[in-house]
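Data first, discussion second: the structure below is written as structure tokens.
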Protein chains: 2
Amino acid sequence: MKAAPAEFRALCHRHRLAATHQRQVIYEAVMSLPGHPSPEDIYEKARKSIPSISLATVYKNIRAFLDKGLLQEVSLHHGSLRVDANHDPHHHLVCTRCRSIMDLDEAEMVPPRFRQKLPRGFKVLRISVDVLGICAECASKKARRA
Amino acid sequence: MKAAPAEFRALCHRHRLAATHQRQVIYEAVMSLPGHPSPEDIYEKARKSIPSISLATVYKNIRAFLDKGLLQEVSLHHGSLRVDANHDPHHHLVCTRCRSIMDLDEAEMVPPRFRQKLPRGFKVLRISVDVLGICAECASKKARRA
DNA sequence: TATTAGATAATAACTATTGTCATTCATGAA
DNA sequence: TTCATGAATGACAATAGTTATTATCTAATA
Ligand SMILES: [Mn+2]
Ligand SMILES: [Mn+2]
Ligand SMILES: [Zn+2]
Ligand SMILES: [Zn+2]
């Protein structure tokens, strides 16, 4: 087996994760892929090093990396489609623990604006701001438990 | 069959949708439900009026409403989890047509700020801005086709 | 009337993701 | 260096969300 670079071992140790070979290969796959890869992309890449690796292991490790803050989810998924009939300009407070969604009136935020003109020929339709964090209810639950 | 209110007929006509009974019941279900209901929520509610309605009909109509802009998706889903290893503060340009994701450096936007202090005991962890629109490639494709 | 299009309902198929569990492995202590 | 222990893995099943297919019905059209 190829020697694991010290940096990865240190990274894992810092985050209290066992430095396994699979974990390292998955991590390197993520880092080597451009843009915002999907679990399937990462799986395909990791398979080049470990053909026997399982997709579930990839999912489990992505989850671990996300939990530890090594990676971030591009736009948080709520488990199923969530529909919004509110046409007033507004944003959302999203609890990362219970996934609850609350409206946040646009007036409560400084409206997001671009410094430059439209970037890279992109035609903007709307700007969606998700304020991610812990809702009051979850925060109190956690405090009580701790 | 209960007579369809004129407003719904007008709404459908404006968006080039047939004003069917099911469609109206689904629409009213969405409007009557608080917050950001899921297809399942809407299905359960619609079933109170039309017990025989199918979940597929609900999905199809939600999709139609989304396409026509009558409803919006809370945070746009990319089909699968997308992972981001970029730790620099940045936002995303998301094409609603091809679902491609591009990074947008935070410096290119006025950083989102709250006017008031933290709303409703919510502990903010991070702010995720999705700039939704049509990417250059899709725009040119559409132009060529039209 | 004959043809067509649109809507619905039932269901099959597909994709993404998670759970179970036996086996193996990493790690820190002795 | 062992060794005990819990964590991680892989095979696989299961579930959830969603989309596609199809037959049927109805309404509009020629
Ligand atoms: Mn909303
Ligand atoms: Mn990014
Ligand atoms: Zn919460
Ligand atoms: Zn595009």
Side-chain angles (χ1 to χ4, degrees), chain A residues 1-6 8-30 36-44 46-47 49-68 70-71 73-83 99, chain B residues 1 3-4 8-9 11-13 15-27 29 36-44 46-47 49-68 71 73-83 99:
Chain A
M1 195 213 283
K2 170 187 149 196
F8 182 72
R9 309 209 61 133
L11 188 69
C12 282
H13 189 255
R14 234 177 304 139
H15 290 281
R16 259 133 272 240
L17 288 169
T20 69
H21 183 215
Q22 285 84 345
R23 189 158 280 163
Q24 178 171 7
V25 165
I26 291 166
Y27 185 76
E28 282 167 1
V30 173
H36 305 87
S38 68
E40 207 67 39
D41 295 334
I42 296 163
Y43 176 55
E44 284 313 319
R47 247 141 64 99
S49 299
I50 311 177
S52 67
I53 200 168
S54 92
L55 182 57
T57 298
V58 172
Y59 268 100
K60 271 178 250 192
N61 279 292
I62 291 173
R63 186 59 48 204
F65 291 147
L66 290 172
D67 289 347
K68 300 294 184 179
L70 264 95
L71 298 176
E73 196 170 341
V74 170
S75 38
L76 191 136
H77 188 228
H78 306 287
S80 66
L81 176 68
R82 294 314 184 80
V83 145
R99 306 252 145 156
Chain B
M1 195 213 284
F8 182 72
R9 308 210 61 130
L11 188 69
C12 282
H13 188 255
H15 290 280
R16 261 132 269 242
L17 287 171
T20 69
H21 183 215
Q22 283 79 353
R23 189 160 279 163
Q24 179 172 4
V25 165
I26 291 167
Y27 184 76
H36 305 88
S38 68
E40 209 68 39
D41 296 333
I42 296 163
Y43 176 54
E44 285 312 320
R47 245 141 67 97
S49 299
I50 310 176
S52 67
I53 200 168
S54 91
L55 183 56
T57 299
V58 171
Y59 267 101
K60 235 180 284 183
N61 280 291
I62 292 173
R63 186 59 52 201
F65 291 146
L66 290 172
D67 288 347
K68 300 296 184 177
L71 298 177
E73 196 170 341
V74 170
S75 33
L76 193 137
H77 188 229
H78 306 288
S80 67
L81 176 69
R82 295 314 185 79
V83 146
R99 307 253 145 154

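Nothing here was measured: the structure is a model prediction, and the numbers come from that model.
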* To do: Using a heavy-atom cut-off of under 4.0 Å over every strand shown, decide if B/Gln22 touches base, sugar-phosphate, or nothing.
  => sugar-phosphate
* Separation of D/dG10 P from A/Arg23 CZ (nearest whole Å) -> 11 Å
* **Any A/Thr20 side-chain nitrogen or oxygen under 4.0 Å from OP1 or OP2 of D/dT9** => yes
* To do: Determine yes or no for a side-chain-to-main-chain donor-acceptor pair under 3.5 angstrom, with A/Arg99 supplying the side chain and A/His77 the backbone.
  => yes
* Side-chain donor or acceptor of B/Arg23 paired with backbone N/O of B/Ala18 under 3.5 Å -> yes
* Which part of the nucleic acid, if any, lies within contact of B/Ala18, taking any heavy atom under 4.0 Å across all strands shown: a base, the sugar-phosphate backbone alone, or nothing? -> sugar-phosphate
* Kindly point out which of D/dG10, C/dT17, C/dG6 is positioned nearest to the side chain of A/Leu55? => C/dT17
* Structure fact -> Of the candidates C/dA26, C/dT8, C/dT17, the side chain of B/Ser80 sits closest to C/dT17
* Asked: Among the nucleotides C/dA9, C/dG28, D/dG10, which one has an atom lying closest to any side-chain atom of A/Thr57?
  -> D/dG10
* Asked: Are the side chain of B/Ser75 and the backbone of A/Ser75 linked by a donor-acceptor contact shorter than 3.5 Å?
  -> no
* To do: From the options C/dA16, C/dA9, D/dA11, select the nucleotide whose nearest atom is closest to the side chain of B/Ser52.
  => C/dA9
* Asked: Rounded to whole angstrom units, what separation is found between the CZ atom of A/Arg16 and the P atom of D/dG6?
  -> 18 Å
* Structure fact -> Regarding the side chain of A/Glu40, the nearest nucleotide among C/dA10, D/dA11, C/dA16 is C/dA16
